[in-house]
Amino acid sequence: MQTETAPPVNFIRQIVEEDLKSGKHQTVVTRFPPEPNGYLHIGHAKSIWLNFSLAQAFGGVCHLRMDDTNPLKEDAQYVESIKRDVQWLGFDWGTREFHAADYFQDFFDCAVKLIKLGRAYVCDLSADEVREYRGTLTEPGRPSPWRDRSVEENLDLFLGMRDGQFEDGSRTLRAKIDMASPNINLRDPAIYRIRKAHHHRAGDAWCIYPMYDYAHCISDSLEGITHSICTLEFENHRPLYDWFLDTLQLPVHPQQIEFSKLKLQYTMLGKRKLREMVTSGLVSGWDDPRMPTIAGIRRRGYTPESIRDLCEKVGVTKSEVWTELSYLAECLRHDLNTKAYRVMGVLRPLKVVLTNYPEGQIEELDAAYFPEDVGLHGSRKVPFGRELYIEQDDFMEDPPKKYFRLQPGGEVRLRRAYIIKCQEVIKDSQGRVVEVRCSYDPDTRSGSPGEHRKVKGTIHWVEASTSVPAEVRLFEELFTLEQPDNLKDGDYRDFINPNSLVVLPDSRLERSLAHSKVGERFQFERQGYFIKDQDSTVDKPVFNRIVPLKDGWAKLLQKQ
RNA sequence: UGCCCAGUAGCCAAGUGGUAAGGCAACGGUCUCUGAAUCCGUCAUUCGUAGGUUCGAUCCCUACCUGGGCAGCCA
């Protein structure tokens, strides 16, 4: 059992703590600001977790803000999926749902102020020309020929931009900062562009739209954000963030803090590629259980608790790191161990006939849903009879050393039932084992006085006639590349794991699973954790493997 | 090549001037009617490298190396 421990320290938490202690802030207000232009993935989950749990930890609040300042890329359909995903992760923004689009008038007013201050100007350069004037990483930029227009002219032109007098791309409003700055973000960045486009929220009210750097800091300020947490790639934007707020002299000046995003080995998180994988049919959709999207991992059966646990365990730093998948798997098993009913399911069935068991007889055996150490109770009856299925892997005609499952002449315990002994092996014309004939020892039934007779191995099974035919889907990582996002040259499609999806169409599950519900999670004993998938029908349930159990035998084999 | 950031074990990660927490993985053992879980143990003479400051440096300074970010009218 794990005891509650104090939340781990991290540098952001320390900053917040100090700000509270010093009186800089009385409370904490954070925000999660997704752009509604796609589906959230596990990388976003860390940001969600960080912002919400940080606020929570100090009795503050976290806003959900749609960062929707680009009408060309965003769509209302994503707003709903984002909200659903955040909720699923277990976080609640209450009434604090905001949209940058609702601040368009504020952004505009601030821009006018900037112009009046002489800190912004309308520039007539084309996009290509702006690029030329900007200079390079090593050479300073040159001032735009329009940089020194009068305040009056700028105001007039900017109003003209707003009123739709100019074509898309013909002019921009730019901040007047420093064309020679070694930080390219400060070389008179554009703050407004002309886009005669319909906005999913603001409709056709505007034909000029603000840029991220400009809109984001003002949004934060308007909402009274105390700590504006973002990922590392915005580090070079922080001077700009501060410049806008300082220059505009806004009363609230949040502190931008950057952290490194969550990256998992063998997992692709690039938005463009994820979209490509969906549209090209490489995966079945945004919610394909192999996808790292929140929708995908939800369908895969991952629990929100385990995702939060992972975020907490890997911590918050500025070092760019690739987390091993085993870490995630461990979080999953740790969570599921205390939640999932233990049941029996045979993935790859092999028929077993008990030659000395009465034909037509079915016994109902008691089967607890949890092992003792989990501390949870409840049980069901499992039918036992003359014909059973066991796992193909649990029988070997010519086993290696230390194999203690079923083998010719050998004994094994059927979990929660009897000890059986293999008497005969039946093969087809190709020499494959198709049936095993065994005798059972009637004195050894679990729960009876004879249960204490020991044999080396215990295997799982289902009774043939009452078992439920099912499809089971096994998943592995989608890519064979440890860092698929880092692929420099070459096509990521060349590194698809051929075993990322294995469908087992003829699995057999114990009777009790016939009445399970979509979304219910179970441990199929000795195999792993599974969730009932939405593709299930009345006749044929479909189960997704969430994560396998650790396999000490496989490890042993590897060493040999 | 300019600026910014990071570099503590196989993977994460604390420590930030007084002599290297913790987790994952691995390994050994315990237990077991799940080869799971549990439980117990082992696992950095050393913190990217080289200098310097100091009685003392993972921590401060300098240089270098490695990795990442930045030249959208994307976010």
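No hydrogens, no waters, no symmetry mates; every other heavy atom, side chains included, goes into these values. All values reported here derive from a predicted model rather than from experimental measurement. In what follows, chains are A, B, ... by sequence order, proteins preceding strands, each numbered from 1.
Glycosidic conformation, B/G72: syn, with the torsion inside 90° of 0.
You won't find any donor-acceptor pair under 3.5 Å spanning the side chain of A/D551 and the base of B/G35, going by distance alone. Judged by atom type and distance alone, A/E330 does not reach the base of B/G23 through any side-chain donor-acceptor pair under 3.5 Å.
A/I419 comes within 4.0 angstrom of no nucleic acid atom, judged by non-hydrogen atoms across all strands. At the heavy-atom level, A/F404 lies under 4.0 Å from base atoms of the strands shown. Residue contacts for A/T136: at a heavy-atom cut-off of 4.0 Å it reaches a base atom on one of the strands shown. Using a 4.0 Å heavy-atom distance criterion, A/V547 is classed as making no nucleic acid contact. At the heavy-atom level, A/L232 lies nowhere under 4.0 Å from the strands shown. Residue A/R174 is out of contact with every strand shown, counting any heavy-atom pair closer than 4.0 Å. Residue-level contact check: A/L125 touches the bases, meaning some heavy atom is under 4.0 Å from a base atom. A/F234 comes within 4.0 angstrom of a nucleotide base, judged by non-hydrogen atoms across all strands.
Ranked by how close their nearest RNA chain B nucleotide is to the 5' end, A/T323 and A/N337 are led by A/T323. Closest-nucleotide positions on RNA chain B for A/R415 and A/P189 were compared, and the one nearer the 5' end corresponds to A/R415.
Side chains of A/D220 and A/Y241: a donor on one and an acceptor on the other come within 3.5 Å.
Residue A/K555 places at least one side-chain N or O closer than 4.0 Å to OP1 or OP2 of B/A26. A close approach under 4.0 Å does not occur between any side-chain nitrogen or oxygen of A/K402 and OP1 or OP2 of B/G35. Contact check, A/R526 against B/G35: a side-chain N or O comes under 4.0 Å of OP1 or OP2. Taking side-chain N and O atoms only, A/R131 has a distance below 4.0 Å to OP1 or OP2 of B/G72. For B/A75, one of the phosphate oxygens OP1 or OP2 lies less than 4.0 angstrom from a side-chain nitrogen or oxygen of A/T69. At B/G15, one or more side-chain N or O atoms of A/Q14 fall inside 4.0 Å of OP1 or OP2 (strictly under the cut-off). A close approach under 4.0 Å does occur between a side-chain nitrogen or oxygen of A/K550 and OP1 or OP2 of B/A25. When the side-chain nitrogen and oxygen atoms of A/R272 are compared with OP1 and OP2 of B/C74, none of them lie within a distance under 4.0 Å.
Nucleotide B/A26 holds its C1' atom 14 Å from the CG atom of A/L556, rounded to whole Å. As rounded to whole Å, 13 Å separates atom C1' of B/A25 from atom CG of A/L325. A straight line from CZ of A/R238 to P of B/A75 spans 20 Å, rounded to a whole angstrom. In this structure, A/L332 atom CG and B/C24 atom P are separated by 15 Å, rounded to whole Å. As rounded to whole Å, 6 Å separates atom C1' of B/G72 from atom CE of A/M211.
Considering only heavy atoms from C-beta on, A/M66 comes within 4.5 Å of A/K83 through its side chain. Looking at A/N486 and A/W322, their side chains come closer than 4.5 Å, going by heavy atoms from C-beta outward. For the pair A/F395 and A/V412, the minimum side-chain heavy-atom distance is 4.5 Å or more.
Taking a pair to require two hydrogen-bonding distances under 3.5 Å in either a Watson-Crick or a G-U wobble arrangement, B/U19 remains unpaired. Nucleotide B/C74 has no partner under the Watson-Crick or G-U criteria, as no pair reaches both atom distances under 3.5 Å.
For A/E276 and A/R272, the salt-bridge test passes: some basic side-chain N is under 4.0 Å from an acidic carboxylate O.
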Any chance you could lay out the side-chain hydrogen bond (donor to acceptor under 3.5 Å, both in side chains) test for A/R31 and A/H216, step after step, and finish with the verdict?
-> CA-CA 11 Å; A/R31 99 268 93 112; A/H216 201 90; 2.6 Å; yes

